[in-house]
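Naming: A, B, ... by sequence-line order, numbering from 1 per chain.
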There are 2 protein chains.
Amino acid sequence: MLQHHATITQTAIPGSRHGTAVGTTKDQSIKLKANETIYSEGEHALAIYQVETGAVRIYRLMASGQRYILTFCGEGEWFGLETGNVRTDFAEAVCEASIKPFRTNQNAVVPVDLLHIALTNLAKAQHKQLVITEQSALKRVAAFVCEMADRHPDDLEFDMMMSRSDVADYLGLTVETVARCFTKLREKGVLCLKGKLQRIVRLLDRDALIALTI
Amino acid sequence: MLQHHATITQTAIPGSRHGTAVGTTKDQSIKLKANETIYSEGEHALAIYQVETGAVRIYRLMASGQRYILTFCGEGEWFGLETGNVRTDFAEAVCEASIKPFRTNQNAVVPVDLLHIALTNLAKAQHKQLVITEQSALKRVAAFVCEMADRHPDDLEFDMMMSRSDVADYLGLTVETVARCFTKLREKGVLCLKGKLQRIVRLLDRDALIALTI
DNA sequence: CGTAAGGTTGAGGTAACTCAAGCTCGGTGG
DNA sequence: CCACCGAGCTTGAGTTACCTCAACCTTACG
């Protein structure tokens, strides 16, 4: 939708403006505004990305129009590695973010361990299956907060950045249920919420939070 | 628990009896009886496997004792590729099966494309997330039957091999709900069930089945 | 013949969904 | 400056779908 992606989409070659060297780490990082599209379903997949700052959501649209968020990628995490050379999902910035592209041409030897990235993402996907099927909504939300908290091991206050509807589409719940669960977590004294949009979490009882996820 | 696995577990080196060549395809295939264990959580991961005949279930046990089946592997599919060198899940034969091991020593160049296997498994895991979160139980069971049917593109009658409780633990449902869904599929004229254990499916209306999964 | 395993069916409870309303906060236009 | 509106979040009331518990059926096996 936004300026520089009009050039990347479909026919244009993503990353081509970044120089001719194959798989070089010299590719410039890309600055993104909140909700800016990185790639869409059906496009050619010619690059993978590493998040430098901010967060990215990877999602699919089901036939019903329902959005399902497969994963959120935080700082240092990789996304965009596909089986084929066509995108099967969408990638958007959750908030202001910066990402670094790495082109993955057919035979190019990329200076990163693709297998390791694939296996890490597989492990993440498997863990998510467990979270989703351990049915209680409160458990799922607690697991989500835990996941976010793990990205800030030192701070006990952090910004989730995702909206309630992001969280809902990630956990397979409704917005209302997510809100009620956050309220319950607040009532239980596990955390408190700050900020205009109530997206800043201050952990009050990390152990209790972890206990809830079991 | 069974004869040849007592030797493979823990201290022994899996596959060592198969010769010294690293990553050779000469490893003999392993015959398994129904419900025989292939590996368990915590063991060293020194081999990956390809299913030759039959089917394998990969699962985890949650703290609550609940079993969750991550995936079923059918003929030609690979399993056992892990991020670290320690098993994070269990693998068992669903029925009589035969699998072929490939050792993956530290620097060994295995004669298979590990990245491709990892990406295929990642795609499977992502697809399963969608199936699980599209909440209706009937949809999930329909998607499961579809998945099984896709393994037999030519036949409209095939043996699922999994028990109702396998299916339940795979889809995050209860046995009773799964049974009720199969009954509904029968009542709708989508399929009929045969065999002593009602595990043989005869597809009557493939299109209707697919329509149910949407 | 009794028991156990796997499957199906019924009745009742409960957690999450749906629909609706209300709140706060910003932005926009009169 | 104030009024209005929309986005995002929360809360309440009613409904529905799945889970739980229980009974029953068939088949295999000791």
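Atom CZ in B/R199 sits about 14 Å away from atom C1' in C/dT8, given to the nearest Å. The separation between B/M162 atom CE and C/dG7 atom P is 13 Å, rounded to whole Å. In this structure, the CD atom of A/Q198 is 10 Å from the P atom of C/dC25, given to the nearest Å. Straight-line distance from the CZ atom of A/F182 to the P atom of D/dG8: 16 Å, rounded to whole Å.
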Next item on the list: Please assess B/D159 against B/R199 for the test salt bridge (charged side-chain N to carboxylate O under 4.0 Å, His left out), listing each intermediate value before the final yes or no.
Entry: CA-CA 6 Å; B/D159 189 342; B/R199 293 180 191 173; over 6 Å; no
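Side-chain contact annotation: A/T53 with A/E75, donor-acceptor N/O pair under 3.5 Å absent. For the residue pair A/T71 / A/K128, no side-chain donor-acceptor distance below 3.5 Å is found, with atom types taken as modelled. With no hydrogens or angles considered, no side-chain donor-acceptor pair links A/R164 and A/Q198 at under 3.5 Å.
The pair B/R57-B/E92 meets the salt-bridge criterion, with a side-chain N (NZ, NE, NH1 or NH2) lying under 4.0 Å from an Asp/Glu carboxylate O. Taking 4.0 Å as the cut-off between side-chain N and carboxylate O, A/R60 and A/D169 do not count as a salt-bridged pair. At a threshold of 4.0 Å, the pair A/E96-A/K31 does not count as salt-bridged, since none of the basic side-chain nitrogens sits closer than that to a carboxylate oxygen.
Results of the ring-ring contact (aromatic ring centres under 6.0 Å, His included) test with A/Y170 over A/F144, A/Y68, A/Y59 single out A/F144 as the only residue that passes.
In this structure, A/E77 contributes its side chain and A/G74 its backbone to a donor-acceptor pair below 3.5 Å.
Near DNA chain C, meaning a heavy atom under 4.0 Å from it, residues 56-67 of chain A has no residue at all.
The listed nucleotides are C/dG7, D/dT10, D/dG8; the one nearest the side chain of B/L197 is C/dG7. Candidate nucleotides D/dC9, D/dT10, C/dT9 were compared by shortest atom distance to the side chain of B/A179, and C/dT9 ranks first.
Here B/T183 reaches the OP1 or OP2 of C/dT9: one of its side-chain N or O atoms lies under 4.0 Å away.
Where B/L193 and A/C181 each meet DNA chain C at their nearest nucleotide, the meeting point lying more 5' is that of B/L193.
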Check: Once each nucleotide of nucleotides 15-30 of chain D is scored for protein heavy atoms under 4.0 Å, what B/S/- sequence comes out, 5' to 3'?
Finding: ---SSBB-----SS--
